[in-house]
K.L.:
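I have a structure here, written as structure tokens, and I will follow up with some questions on it.
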Amino acid sequence: MGRAEERRARQRGGRRAAPRNRSSQAAAPESRTESVSSAEGAPQAAVGGRVAARRGAPKGGKGAKGAKGEKGRIRRLFTWKKMLGTFLGFTVLVIGAFIILYMTTPIPDTANAEAELQSNVYKYSDGSLLTRDGKLNRENVDLAEIPKPVQHTFVAAENKSFYQDAGVDLKGTTRGVLNTLMGKGAQGGSTITQQYVKNYYLTQEQTVTRKLKELVISLKLDREKSKDYILAGYINSSYYGRGAYGIQAAAQAYYRVDADKLKVEQGAYLAALLQAPSQYDWAAASDTGKKLVQQRWNYVLDNMVEKDWLDKAERDAMTFPVPKEPKAAPGQEGQVGYLVKAANTELEKQLVAQGVADNSKEAEAMVGAGGWNITLNIEKKKQKALEASVKDQLTSKLDKKKRPVDGDVQAGAVSVNPKTGAVVAMYGGVNYVEHYTNNATRTDYQPASTFKPVILAAALDQGAVTQDDEKIGANTIYDGTSKRPVVGSDIGFAPENEDDVDYGDVTVQTAMNKSINSVFAQMGVDVGMDKVLKTAGALGMDTADLKAVPAQTLGTMGASPLQMAGVYATLDNHGRQVTPTLIKSAENSAHAVTPADPIGDEVISREAADTVTSVLTGVVDDGTARASVLENPQRKGQKVAGKTGTSDDNKSAWFTAYTPDLVTAVGLFGESAKPPHPQVTLTGATGTVPGKGRIAGGGFPARIWAAYTFGVASKVSKFDLETDQGAAVQPTITASPSPSASEEPSEEPSTAAPSTKPPKTQTPSQEPTTEEPSEEPTTGEPTTGEPTTGEPTTEPPENPLDPQFGQ
């Protein structure tokens, strides 16, 4: 077979052509070939046809042939040569663009506008002036005046390679540009040079253009200026918190010394502050914040040892230098400083949430730089009324010279409009220049029994049942025996009731009125503590790090009056989440910030929220707040729902309550007047409480609440409730006159005589009984018990299921 024949054979799809070695071809048994051809016949032809089909035409006919052609064109389009050429071309383009940017971007001759001294202006909701925060606290010092080891603390904290690098972190900058393009915000740090350029020459806006300018100017600055020049600029332009810009102002604000007198450990703290000034300020930091700043402080010193800037033995001997108490700036006296600081904190959070600032550090620097016009939701009339109420009902009765415990009493309160979420009044403490911590926003004290409505809300919203498979509601019966072990928990828990009183079988309504710990401990386990905490978080409490254990039913977590006002406002708003909002509007020359809508989605069902409200009216009309609220002469028929609370060892006392139009949380906190200001008991304060002298939620907190709320009430409105449970919706019981009506035992002993008058409002008794008269007292029979003195008795109350019990 010649070459032409071999080629034709291959094209026909026949057997593989014989090798060119003709001798081999001749050796093939010709007779076998012929016999196979004659014996198999058609099958042979079929096989050849299939082979030809496979080799000569793609599967699928014309369509398949088109697909194969398309793939071929794609392969030709994306050859490695073309891809490499494209990449090189793009690289050249980027380099060229960067060269042009580098050539056309000079180092600015002057600082940016935000680096100039300006003031923030704060206004009441009606536009009238609250205050100006004055000039910024900034004073530049030469680097030579700062001890060399203190200089090194900043390098160790922010940029260990500062003295060797070219002024930029290309990896971090690239990451920042990509994050900006994708809307992810900032991730990763930058060099000291870049931070100085951003703080002093540019702005905090999050754009690709700004980040590229920052890169170029940093490269130029590093080439044209010394490292000492850059470090001095960074240390003098950074924000340290407490209104202090620059190391000189910071040294005075935190340690009452000039910068040249700073010790290494003090410098390490100031350097650590730059990461999160507000969070790390020792005077206002939470326990978590204090742990974090100490970790950061250790990190700085360890880096100094690593860089041979500090002897290890000297470092090991160092102890954390606790800063001194802060001093308020002029013009921040009274409540003004608390309002300004709270407004600044809220604005900083909004700047981060809206992407104007990368993080809290940048946001704080932006607000501290000044130039903001901030209008608060604070209503001047309500603010003055709240201040007057605290003074009249509490602080005017304190005399720390006679009773040292009086110097340990701190009060905080927040008032919120439940329909808008506006914080209309706030009381942070006796005076911002005397007590720096805002008692209205602090979260380090237990809310105690004011947490019980959250447990009931979770039970109702989840449709939870008791251990006997009975659906939980206002009339559900629980065992109110003190120290009764909860059933169904993996963790043993047997809480004691107030004064160790055994109540026996009681309804949930009565348990809320009496604030019976054993009932709500069992209810929390019945619902599931994980569900209870989830509901608490949805209502507005910070539950992120809380363990779902039965002890939380007693309100052992930390909470602020601001948080609790939000929780109760959500209940008042029929289950739609209310986020208390202090700022109405805020703007400066570069930014306008509009607060997010304070009214959110429904987080618990309306029926659940309204049922809790209905039950809480019983606390006011028949429970622990009766003497202070129901019988208050200022009350003109306003409907009120609320809950008292007193924590372990009487360290805090609360009353959080609401009308249909206003929610107010009042808290009293025992805080030692001596540093480091540990929590202490309130017992014995004012010297006016007889018996054990406990300051309970039904006493001063409820009186402050009533004097304020009834004083500012412009109308009398009723709750619009969609529920058939609880004290507010039960039929009114008209009892026959009684020689002596028993007063509800309150959390706080009262010197007032027991009232013999029926409730002034039409709020009915707790819940009607459905039992047979032979088993339970009828709803028309009043109690015949003797009047109490306000102290819970040590004997089980008679007829705990009687609707008239406690009236």
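In this chain, residues are counted from 1 in sequence order.
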K.L.:
Quick check: does any side chain N or O of Asn417 sit under 3.5 Å from a backbone N or O of Gly421, one acting as donor and the other as acceptor?
P.N.:
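Not a single qualifying donor-acceptor pair exists.
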K.L.:
To the closest 0.5 Å, what do you measure between CG (Asn359) and CD (Glu362)?
P.N.:
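Separation between the atoms: 4.5 Å.
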K.L.:
Any salt bridge linking Arg576 with Glu602? Criterion: basic side-chain nitrogen under 4.0 Å from a carboxylate oxygen.
P.N.:
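So Arg576 does not pair with Glu602 through a salt bridge.
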K.L.:
Could you tell me whether Asp500 and Lys483 have a side-chain N and a carboxylate O separated by less than 4.0 Å?
P.N.:
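Between Lys483 and Asp500 there is a salt bridge, with a charged N closer than 4.0 Å to a carboxylate O.
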K.L.:
Under 3.5 Å, is there a donor-acceptor pair between the side chain of Gln679 and the main chain of Asp444?
P.N.:
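Yes: the side chain of Gln679 pairs with the backbone of Asp444.
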K.L.:
Under a plain distance cut-off of 3.5 Å, with no hydrogens placed, do Thr683 and Asn650 share a side-chain donor-acceptor pair?
P.N.:
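Yes.
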K.L.:
Given side chains that start at C-beta, do those of Leu533 and Met541 come closer than 4.5 Å, heavy atoms only?
P.N.:
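No; the side chains remain at least 4.5 Å from each other.
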K.L.:
Measuring only between side-chain heavy atoms, which start at C-beta, is Asp610 closer than 4.5 Å to His574?
P.N.:
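Yes, at least one pair of side-chain atoms sits under 4.5 Å.
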K.L.:
Let me confirm one number: the CD-OG1 distance from Glu496 to Thr481, rounded to the nearest 0.5 Å.
P.N.:
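So the CD of Glu496 and the OG1 of Thr481 are separated by 13.0 Å.
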K.L.:
Does Asp601, at its CG atom, have more than 12 non-hydrogen atoms belonging to other residues, nucleotides or ligands within less than 6.0 Å?
P.N.:
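For Asp601, atom CG is not crowded (no more than 12 foreign heavy atoms under 6.0 Å).
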K.L.:
Could you check whether Asp526 and Gln467, counting side-chain N and O atoms only, form a donor-acceptor pair closer than 3.5 Å?
P.N.:
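There is such a pair between these side chains.
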K.L.:
For Lys291 and Thr288, does a side-chain donor sit closer than 3.5 Å to a side-chain acceptor?
P.N.:
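Side chains of Lys291 and Thr288: no pair found under 3.5 Å.
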K.L.:
Does the side chain of Thr709 come within less than 4.5 Å of Val629's, by heavy atoms?
P.N.:
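Sidechains of Thr709 and Val629: no contact.
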K.L.:
Look at the side chain of Ser605 and the backbone N and O of Asp461, then say whether any donor-acceptor pair between them is shorter than 3.5 Å.
P.N.:
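Side chain of Ser605 to backbone of Asp461: no pair is present.
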K.L.:
Would you tell me whether Lys643 and Ser515 have side-chain atoms, one donor and one acceptor, within less than 3.5 Å of each other?
P.N.:
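There is such a pair between these side chains.
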K.L.:
Evaluate Arg242 against Asp281 for salt bridge (Lys or Arg N to Asp or Glu O under 4.0 Å), listing each step before the verdict.
P.N.:
CA-CA 8 Å; Arg242 297 192 183 182; Asp281 183 346; 2.9 Å; yes
K.L.:
Crowded around Asp490 CG? As in, over 12 foreign heavy atoms under 6.0 Å?
P.N.:
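Not more than 12 within 6.0 Å, no.
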K.L.:
Roughly how far, to the nearest 0.5 Å, is the CG atom of Asp408 from the NZ atom of Lys674?
P.N.:
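Going from NZ on Lys674 over to CG on Asp408, the span is 9.0 Å.
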K.L.:
Does any part of the side chain of Tyr568, heavy atoms only, come nearer than 4.5 Å to the side chain of Thr570, both counted from C-beta?
P.N.:
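Not in contact.
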K.L.:
Show the nearest heavy-atom pair for residues Leu301 and Ala268, with the distance to one decimal.
P.N.:
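Looks like CD2-CB, 3.8 Å.
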K.L.:
Over 60° means perpendicular and under 30° means parallel, so tell me whether Trp282 and Phe320 are parallel, tilted or perpendicular.
P.N.:
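Because their plane-to-plane angle lies in the 30° to 60° range, the rings of Trp282 and Phe320 count as tilted.
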K.L.:
Please check if the side chain of Thr476 supplies one atom and the backbone of Gly473 the other of a donor-acceptor pair under 3.5 Å.
P.N.:
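Yes.
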K.L.:
Does Asn573 use its side chain to pair, donor to acceptor, with the backbone of Lys419 at less than 3.5 Å?
P.N.:
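Checked: no pair found.
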K.L.:
Quiz question: by atom type and distance under 3.5 Å, do the side chains of Tyr708 and Ser415 form a donor-acceptor pair?
P.N.:
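The criterion, which ignores hydrogens and geometry beyond distance, is satisfied for Ser415 and Tyr708.
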K.L.:
Are Thr581 and Asn377 side-chain neighbours, meaning at least one heavy-atom pair lies under 4.5 Å?
P.N.:
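A side-chain contact under 4.5 Å exists here.
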K.L.:
With a cut-off of 6.0 Å (strictly less than), are more than 12 heavy atoms of other residues, nucleotides or ligands near NZ of Lys290?
P.N.:
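Above 12, so yes.
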K.L.:
Measuring only between side-chain heavy atoms, which start at C-beta, is Leu546 closer than 4.5 Å to Gln552?
P.N.:
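Yes. Closest side-chain heavy atoms under 4.5 Å.
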K.L.:
Would a distance-only check, ignoring hydrogens and angles, find a side-chain to backbone donor-acceptor pair under 3.5 Å from Tyr427 to Asn439?
P.N.:
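Checked: no pair found.
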K.L.:
Looking only at non-hydrogen atoms, find the nearest pair between Leu554 and Pro495 and report the distance.
P.N.:
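Looking at all heavy atoms of both residues, the shortest contact is CD1-CB, 4.1 Å.
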K.L.:
Side chains of Thr510 and Thr507: is there a donor and an acceptor less than 3.5 Å apart?
P.N.:
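The criterion, which ignores hydrogens and geometry beyond distance, is satisfied for Thr507 and Thr510.
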K.L.:
For the atom pair CD (Glu265) and CG (Leu270), what is the distance rounded to the nearest 0.5 Å?
P.N.:
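Reported value, rounded in 0.5 Å steps: 11.5 Å.
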K.L.:
Output yes when Arg442 and Glu671 qualify as a salt bridge under the 4.0 Å nitrogen-oxygen rule, no when they do not.
P.N.:
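Result for this pair is yes, salt bridge flagged.
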K.L.:
Quick one: does any side-chain atom of Asn513 pair with a main-chain N or O of Val619 as donor and acceptor, under 3.5 Å?
P.N.:
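Looks like yes, one N/O pair under 3.5 Å.
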K.L.:
Side-chain contact, heavy-atom cut-off 4.5 Å: Lys651 with Leu682?
P.N.:
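No, too far: nothing below the 4.5 Å cut-off.
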K.L.:
When rounded to the nearest 0.5 angstrom, what distance separates OG1 in Thr466 from CG in Asp479?
P.N.:
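Between atom OG1 of Thr466 and atom CG of Asp479 there are 12.5 Å.
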K.L.:
Ile695 versus Leu668: any side-chain heavy-atom pair under 4.5 Å?
P.N.:
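Heavy-atom side-chain distance check passes, below 4.5 Å.
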K.L.:
Indicate yes or no: does Lys341 engage Glu364 in a salt bridge with an N to O separation below 4.0 Å.
P.N.:
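Between Glu364 and Lys341 there is no salt bridge, as every charged N stays at least 4.0 Å from the carboxylate O atoms.
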K.L.:
Tell me if a side-chain donor or acceptor on Asp502 pairs with a main-chain N or O of Ser482 at a distance below 3.5 Å.
P.N.:
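Such a contact is found between Asp502 side chain and Ser482 backbone.
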K.L.:
Under a plain distance cut-off of 3.5 Å, with no hydrogens placed, do Gln294 and Asn298 share a side-chain donor-acceptor pair?
P.N.:
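No, because no side-chain N or O of Asn298 sits under 3.5 Å from a partner of the opposite role on Gln294.
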K.L.:
Kindly give the heavy-atom pair with the smallest separation between Trp705 and Ala657, and that separation in Å.
P.N.:
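Of all heavy-atom pairs spanning Trp705 and Ala657, the closest is NE1-O, 3.2 Å.
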K.L.:
Between Asp499 and Arg694 (salt bridge meaning N to carboxylate O under 4.0 Å), is one present in this structure?
P.N.:
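Salt bridge flag = yes for Arg694 with Asp499.
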K.L.:
Assess the residue pair Trp297 and Tyr269 against the criterion (ring-ring contact (aromatic ring centres under 6.0 Å, His included)); give the C-alpha distance rounded to whole Å, side-chain angles, the decisive distance to 0.1 Å, and a yes or no.
P.N.:
CA-CA 6 Å; Trp297 179 80; Tyr269 174 75; 8.9 Å; no
K.L.:
Identify the residue among Val612, Thr553, Val567, Leu571 that makes a side-chain contact (heavy atoms from CB on, under 4.5 Å) with Val454.
P.N.:
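Between Val454 and the candidates, side-chain contact (heavy atoms from CB on, under 4.5 Å) is satisfied uniquely by Val567.
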K.L.:
So how far is it from Ile516 CD1 to Tyr503 OH, rounded to the nearest 0.5 Å?
P.N.:
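One finds 5.5 Å between CD1 of Ile516 and OH of Tyr503.
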K.L.:
With distance as the sole test, does Glu607 use its side chain to make a donor-acceptor pair with the main-chain N or O of Glu722 at under 3.5 Å?
P.N.:
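No: the side chain of Glu607 does not pair with the backbone of Glu722.
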K.L.:
For the side chain of Ser652 and the backbone of Gln446, is there at least one donor-acceptor N/O pair under 3.5 Å apart?
P.N.:
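Judged by distance alone, yes, a pair lies under 3.5 Å.
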K.L.:
So, Phe669 versus Trp654, ring centres under 6.0 angstrom or not?
P.N.:
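Ring-ring flag for Phe669/Trp654: true, centres closer than 6.0 Å.
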